[in-house]
Visitor: 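Have a look at this one.
Residue indices begin at 1 and follow the sequence shown.
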Amino acid sequence: MLTPDAAPVLTAVDGHAARITLNRPRALNALTPAMLHGVAEALDAWEHDPAVRTVVLDGAGERGLCAGADIRLFHADARSGDHTASEAFLRAEYRLDSRIAHYPKPYVALMDGIVMGGGVGLSAHGAVRVVTERSRVAMPEVSIGLVPDVGGTFLLSRAPGQLGTHLALTGLSAGGADALLCGLADHFVPSAALPDLLADLAREPAHEAVARHAGTAPEGVLAGERPWIDACYAADTVEEIVDRLFSCGEPAAKEAAETLLAKSPSALKATLESLRRAARLDSLEAALDQEFRVSCAALDTHDLPEGIRAQIIDKDRDPHWSPATLAEVTPAQVERYFADLGERELGLG
């Protein structure tokens with residue numbers, strides 16, 4: 001049995017399948033540096049082990065796979081002005097995401113329950129990505145003054161139409177069907193079938209085992225909303241996107257506009273620019289390099305520590321952004337997020 005006081009990453013081998021379990025259920029398996037190291041170490045051990053044919057990722061507890069990074073680290077670093085620990089975390093995290101994307105054995109991610117931020121990085125780049133009726137997949141970084149990362153801009157910029165832009169700017173979560181539609185997952189398996197799936201993965205090739213249990217996801221919402229999403233989010237600026245959302249006449253669009261106006265104006269503009277640039281990049285690694293620049297720049301802003309304070313530390317949900325409005329965020333301020341880091345570059349692409 002998995003216990004809250006056990007190691008933060010548990011590993012086991014059952015038949016031909018090796019299993020990685022993120023094990024901080026009280027923190028919704030939020031990622032720490034030790035957890036990144038534990039996952040990487042397990043991948044090292046199994047890469048050349050002929051007895052292991054499949055690697056499976058899941059999360060302990062009933063709430064989900066992973067809520068993302070334990071961002072209290074970023075808050076402390078941003079306030080102190082010394083970003084060494086945060087940059088080291090991001091560097092290790094992004095390198096691990098790239099490693100997962102190119103892992104030579106089937107990497108099966110069970111994206112049950114909440115999968116956010118860094119949890120998306122550890123799962124959505126895998127070869128076999130499984131969602132359930134409980135899945136809520138999100139990149140909510142704009143809510144804390146950050147920009148979608150862990151390869152999120154690469155994935156979302158390639159979603160159909162403007163669906164990825166909608167998810168990135170609002171931070172809204174996608175259910176199972178919508179995650180499949182947006183290219184964040186491959187298969188739907190009912191959550192009740194996951195124990196049987198795990199048993200079959202121990203005996204059979206990954207794709208055969210998943211195919212046996214896969215079915216049709218309950219209907220999502222994004223397919224029906226694509227007309228107004230595509231029309232509104234195709235605009236060139238965040239300001240115009242907001243105007244289109246308010247004026248298009250759809251109640252859901254008005255709600256999206258109000259959601260955007262509660263987010264960090266700087267993060268919104270940096271996110272839109274990140275997505276547009278990521279769409280022109282030819283690899284995940286190039287996008288991770290860009291995201292590293294953007295994330296490092298965010299550590300120097302007012303909004304990141306303020307957003308974490310409001311959402312995680314004080315939990316008053318009342319961030320005071322600076323600049324406070326979209327109109328006050330200049331093109332030069334947005335461009336600063338993409339400045340070359342010189343010797344500090346990630347260097348994956």
Visitor: Kindly compute the distance separating OG1 (Thr237) from CG (Asp243), expressed to the nearest 0.5 Å.
Guide: 7.5 Å
Visitor: Could you walk me through whether Leu43 and Ile100 pass side chain to side chain contact (heavy atoms under 4.5 Å, CB included), step by step?
Guide: CA-CA 9 Å; Leu43 295 180; Ile100 289 167; 4.0 Å; yes
Visitor: So, Glu93 side chain and Val150 main chain: donor-acceptor pair closer than 3.5 Å or not?
Guide: no
Visitor: Side chain to side chain contact (heavy atoms under 4.5 Å, CB included), that's the test. Do Arg344 and His83 meet it? Break it down for me.
Guide: CA-CA 12 Å; Arg344 291 162 49 225; His83 307 153; 5.8 Å; no
Visitor: Taking 4.0 angstrom as the limit, do Arg212 and Glu208 come out as a salt bridge?
Guide: no
Visitor: Are more than 12 heavy atoms, taken from residues, nucleotides or ligands other than Arg53, located less than 6.0 Å from that residue's CZ atom?
Guide: no
Visitor: Looking just at side-chain N and O atoms, do Asn23 and Thr21 make a donor-acceptor pair shorter than 3.5 Å?
Guide: no
Visitor: Check whether Leu172 and Met116 end up in the same hydrophobic cluster, where Ile, Leu, Val, Met, Phe, Trp and Tyr are linked by side-chain heavy atoms less than 4.5 Å apart.
Guide: no
Visitor: I want to check something: taking the side chain as every heavy atom from C-beta on, are Arg336 and Thr301 in contact at a cut-off of under 4.5 Å?
Guide: yes
Visitor: Is any side-chain N of the basic residue among Asp58 and Arg19 closer than 4.0 Å to the acidic one's carboxylate O?
Guide: yes
Visitor: Once rounded to the nearest 0.5 Å, what's the spacing between atom CZ of Phe188 and atom CD of Glu133?
Guide: 5.0 Å
Visitor: Let me check something: do Met35 and Leu110 share a hydrophobic cluster, defined by ILVMFWY side-chain heavy atoms less than 4.5 Å apart, either directly or through other members?
Guide: no
Visitor: Are any of the side-chain nitrogens in Glu306 or Arg309 under 4.0 Å away from the carboxylate oxygens of its partner?
Guide: yes
Visitor: Run the numbers on Arg293 and Glu345 for side chain to side chain contact (heavy atoms under 4.5 Å, CB included), then give the verdict.
Guide: CA-CA 7 Å; Arg293 296 181 199 113; Glu345 281 283 310; 2.8 Å; yes
Visitor: Are side-chain heavy atoms of Arg203 and His16 found at a separation under 4.5 Å?
Guide: no
Visitor: Could you state the interatomic distance from OG1 (Thr330) to NZ (Lys269), rounded to the nearest 0.5 Å?
Guide: 8.0 Å
Visitor: Between Val56 and Val13, is there shared hydrophobic-cluster membership here, with clusters defined by ILVMFWY side-chain heavy atoms closer than 4.5 Å?
Guide: no
Visitor: If you measure only the distance, is there a donor-acceptor pair under 3.5 Å linking the side chains of His213 and Asp200?
Guide: yes
Visitor: Counting only N and O atoms by type, is there a donor-acceptor contact under 3.5 Å from the side chain of Arg24 to the main-chain atoms of Pro8?
Guide: no
Visitor: Give, for atom OG of Ser295 and atom CG of Asp149, the distance between the pair rounded to the nearest 0.5 Å.
Guide: 4.5 Å
Visitor: Cationic tip of Arg99 within the cone over Tyr103's six-membered ring, i.e. under 6.0 Å and within 45° of the normal?
Guide: no
Visitor: List, by chain and then residue number, the residues other than Val334 in its hydrophobic cluster (Ile/Leu/Val/Met/Phe/Trp/Tyr, side-chain heavy atoms under 4.5 Å); write none if there are no others.
Guide: Val147, Val294, Val329, Tyr337, Phe338
Visitor: Taking only residues two or more places apart in sequence or in another chain, which ones pass side chain to side chain contact (heavy atoms under 4.5 Å, CB included) with Thr325?
Guide: Ala327, Glu328
Visitor: Check the pair Leu197 / Val210 against side chain to side chain contact (heavy atoms under 4.5 Å, CB included), numbers first and verdict last.
Guide: CA-CA 7 Å; Leu197 171 59; Val210 172; 4.0 Å; yes
Visitor: When clusters are formed by joining ILVMFWY residues with side-chain heavy atoms under 4.5 Å apart, either directly or through shared neighbours, do Val120 and Ile144 land in the same one?
Guide: yes
Visitor: Classify the ring geometry of Trp228 against Tyr233: parallel below 30°, tilted from 30° to 60°, perpendicular beyond 60°.
Guide: tilted
Visitor: Of the non-hydrogen atoms in Cys182 and Leu222, which two are nearest, and what is the gap between them?
Guide: SG-CD1, 3.8 Å
Visitor: Has the side chain of Asp77 got a donor or acceptor atom that lies under 3.5 Å from a matching backbone atom of Ser86?
Guide: yes
Visitor: Would a hydrophobic clustering, with Ile, Leu, Val, Met, Phe, Trp and Tyr connected at side-chain separations under 4.5 Å, put Leu281 with Leu346?
Guide: no
Visitor: Restricting to non-hydrogen atoms, name the atom on Ala179 and the atom on Ala174 that form the minimum distance, rounded to 0.1 Å.
Guide: N-CB, 3.9 Å
Visitor: Can you list the residues that meet the salt bridge (charged side-chain N to carboxylate O under 4.0 Å, His left out) rule with Arg134, with sequence neighbours excluded?
Guide: Asp112
Visitor: I need the Tyr94 OH to Glu291 CD distance, nearest 0.5 Å.
Guide: 6.0 Å
Visitor: Starting at OG of Ser283, measure out to CG of Asp289 and round the result to the nearest 0.5 Å.
Guide: 7.5 Å
